[in-house]
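A short write-up of the structure that comes next.
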2 protein chains.
Amino acid sequence: MGTVSIKDVAARAGVSPGTVSNVLNRPEKVAGDTRARVEAAIRDLGFVRHGSASTLRAGHSRTIGLSVIDIGNPFFTDVAAGVEDVASERGYAVILGNSSGSRMKEERNLLVFAEQRVRGVLITPSDEDGARLDRLRERGISVVLVDHPAERSGQCAVAVNDVTGGAMAVSHLLGGGADRLGYVGGPAAIRQCQDRRRGAEQALAAAGRDPGDLLELAMPAMTARAGQQAAEKLLADRSLPDALFCANDLLALGVLRGLLQAGVRVPDDVSLIGYDDIDFASASTVSLSSVRQPTYKLGRVATELLLDECDNPDTHAHQQIMFQPDLVVRESTR
Amino acid sequence: MGTVSIKDVAARAGVSPGTVSNVLNRPEKVAGDTRARVEAAIRDLGFVRHGSASTLRAGHSRTIGLSVIDIGNPFFTDVAAGVEDVASERGYAVILGNSSGSRMKEERNLLVFAEQRVRGVLITPSDEDGARLDRLRERGISVVLVDHPAERSGQCAVAVNDVTGGAMAVSHLLGGGADRLGYVGGPAAIRQCQDRRRGAEQALAAAGRDPGDLLELAMPAMTARAGQQAAEKLLADRSLPDALFCANDLLALGVLRGLLQAGVRVPDDVSLIGYDDIDFASASTVSLSSVRQPTYKLGRVATELLLDECDNPDTHAHQQIMFQPDLVVRESTR
DNA sequence: TCCTACGATTAAAACGTATCAATCACAATC
DNA sequence: GATTGTGATTGATACGTTTTAATCGTAGGA
């Protein structure tokens, strides 16, 4: 009834538990017929290995932790898809943690990862406190930063150049004849927001404009709801810029909805550009211009780096990879 | 160095390992000052409990498995948000498995869950094979069906009435004067698709029409991409109905894009309604009519049932909960 | 025939925690 | 002063696996 262990399998196959373990972990070490007998016993008894016992004895598990800022954002589900594909190819399970941008929840997720003795952690940190991650590394848990450049060498990181992306977006807006520009950002602690704003300012400067001209609006979240609130605020202030750059597409879609509801025409009255090029950007009321990132690849590459670090700790060389974004022009900036 | 165990904590606090374990699991059983001493030692040493050892000894873990059909679908991320909130409130971690509609991947995820000895499993099954789930139950793993009615009593299930929902959608289309109706569904194995179609047929019958009139198109996936392909197929066949009901919003958004690209006007030439009322439905080019489900609540309630079953196995009474959907009318059916 | 070598298998010892019966200290009761 | 009771703590054991050294059996070389 209860649970069938390696011993039961051994008994039925007429071998010792050690041999069963070998069949499970180093099948090449055991003779053909014994192996067949053991495999038959496993099947007959419906044995499934006790992962915890295995982890306990082996000192490490076959799981990795993935901590993201907002699983409701298609950007992160795409990343997660890439992560999961690579992980399951290599026999790893993924524990998903959603920080929702809350430092406390992120902390709790990392604690869970540590308790589960995950082999490694993939994280898009929600702030710049690298010390927590170092504490994980001290525990022997590899950490790879996702969508975040390395603060220093000695770690792997996979990111997309957000400064360039921000600059692309804003010089596109300027090229379209925009004069008064606004930036709708997210929480100040989120690096992506800062970098994209910096890129925006650089583009302004490059066009001979004062970077201080950029009207900035920082929302507490990067969701469609927050975007709609941003639009309402902009409308209430009677200071509507003629071009808006949003830190991500969810914000932009929310802004778009808010503007259209108020009778503001996009792009005639206001040009609008988002960031991430999520699937829905091209399907919106007015299709949304955006900055595309190699999202799925980000997840894949990060996971490959992490598992390489886990599986070949001696030969592994840390890498910091930086992809470049692409501008995607659609109706909202024409 | 490596890892600090309960013994190290015990030594530093001058107590036995058993006491440390008590501090961790039944703090009320241990005297105030000893507890304080132990907690200090835990903090000083940076001890974190070894989840695997704990699971091994206790015979059960503090994790649950969540298996969904498509994590790229906002419907499921909403469900997952509800699950995660309840789980973390009660100190459980969630292992997420994405079956992508593939039976094989679902199977593999369930195997991972079994190996990890999760306490229970929440699953939106991708087909009707309940035997696999019974095998989990034999192992002492509770299973709650999510967005799927129970096939029999003796299990918990939380669902939304898809037949009603399908009927709502189609009678709305009929009420708008639709004549030739089409249904864009997903894989035949997915129950939601069947039920929504059945509801559609019932609505036709109720209106005195032949249910066989429903033009049916079954796509291999329920994604926006598949929806766009569906639109292309409908256009190529020159048999475009004047009203389309799609099995979910992603399909509908894809269909919408496909139709608009071909110059078909929505809703003038073709009325269109989706299902789920995801956030993006209201933001699309032509805002999408849909059938709303209490998604987040679905996740919450399912998790509460599961954890009740896990934590109070003796007093727990299985429940089959069925929510009702709501019709949301927008531009695409006006 | 004896010895060596080698491949296949085994026996036993961990891994870090939870649990439970046993022990202890000490106060309350007779 | 002996007994009982109570609350706090301890010691020992078991959970299911992996791993290492040891053992076994057999074949090949001398």
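Letters A, B, ... are given to chains in the order of the sequence lines, protein chains preceding strands, and every chain is numbered from 1.
Rounded to an integer number of Å, the gap from CG of A:Asn22 to P of C:dG7 is 15 Å. For the pair B:Arg49 CZ and C:dG16 C1', the interatomic distance rounds to 12 Å; values are reported in whole Å. Nucleotide C:dC20 holds its P atom 7 Å from the CZ atom of B:Arg26, rounded to whole Å. Rounded to an integer number of Å, the gap from A:Ile6 CD1 to C:dA12 P is 17 Å. Rounded to an integer number of Å, the gap from CZ of A:Arg57 to P of C:dA12 is 16 Å. Atoms CZ (A:Arg37) and P (C:dA8) sit 14 Å apart, rounded to a whole Å. Rounding to whole angstrom units, CZ of residue B:Arg117 and C1' of C:dT17 are separated by 17 Å. Rounded to whole Å, the distance from NE2 on A:His50 to P on C:dT17 is 15 Å.
Residue contacts shown for B:Thr19 include a base, since a base heavy atom lies under 4.0 Å away. Heavy atoms of A:Ser52 sit nowhere under 4.0 angstrom from any nucleic acid atom. The residue B:Val15 sits close only to the backbone: its heavy atoms come under 4.0 Å of sugar-phosphate atoms, none of a base. A:Ser5 comes within 4.0 angstrom of the backbone, heavy atoms only, and of no base. Using a 4.0 Å heavy-atom criterion, one finds that B:Thr55 contacts no nucleic acid atom at all. Within 4.0 Å (heavy atoms only), B:Ser54 reaches sugar-phosphate atoms of the nucleic acid but no base atom. Within the 4.0 angstrom heavy-atom criterion, only backbone atoms of the sugar-phosphate kind lie near A:Val30; the bases stay farther away.
Between B:Ala53 and B:Arg35, it is B:Arg35 whose nearest contact on DNA chain D lies nearer the 5' terminus. For the pair B:Ala31 and B:Leu56, both in contact range of DNA chain D, the more 5′-proximal nearest nucleotide belongs to B:Ala31.
In the 5' to 3' direction, nucleotides of DNA chain D lying under 4.0 Å from heavy atoms of chain A begin and end at D:dG16 to D:dT19.
Between B:Ser102 and B:Ser100, the side chains place no donor N or O within less than 3.5 Å of an acceptor N or O (distance only, hydrogens not considered). When only modelled atom types and interatomic distance are considered, B:Gln116 and A:His50 share no side-chain donor-acceptor pair under 3.5 Å.
Other residues, nucleotides and ligands place no more than 12 heavy atoms under 6.0 Å from the NZ atom of A:Lys297.
Residues A:Asp127 and A:Arg191 are not paired through a salt bridge, judged by the lack of any N-O separation under 4.0 Å between the basic side chain and the carboxylate.
For the pairing with A:Leu305, the side-chain contact (heavy atoms from CB on, under 4.5 Å) check across A:Cys156, A:Cys310, A:Ser142 returns one residue only, A:Cys156.
Annotation: side chain of A:Phe47 is in contact with side chain of A:Leu24 (closest heavy-atom distance under 4.5 Å).
Applying the side-chain hydrogen bond (donor to acceptor under 3.5 Å, both in side chains) rule to pairs touching residues 23-33 of chain A yields A:Ser21-A:Asn25, A:Asn25-A:Arg49, sequence neighbours excluded.
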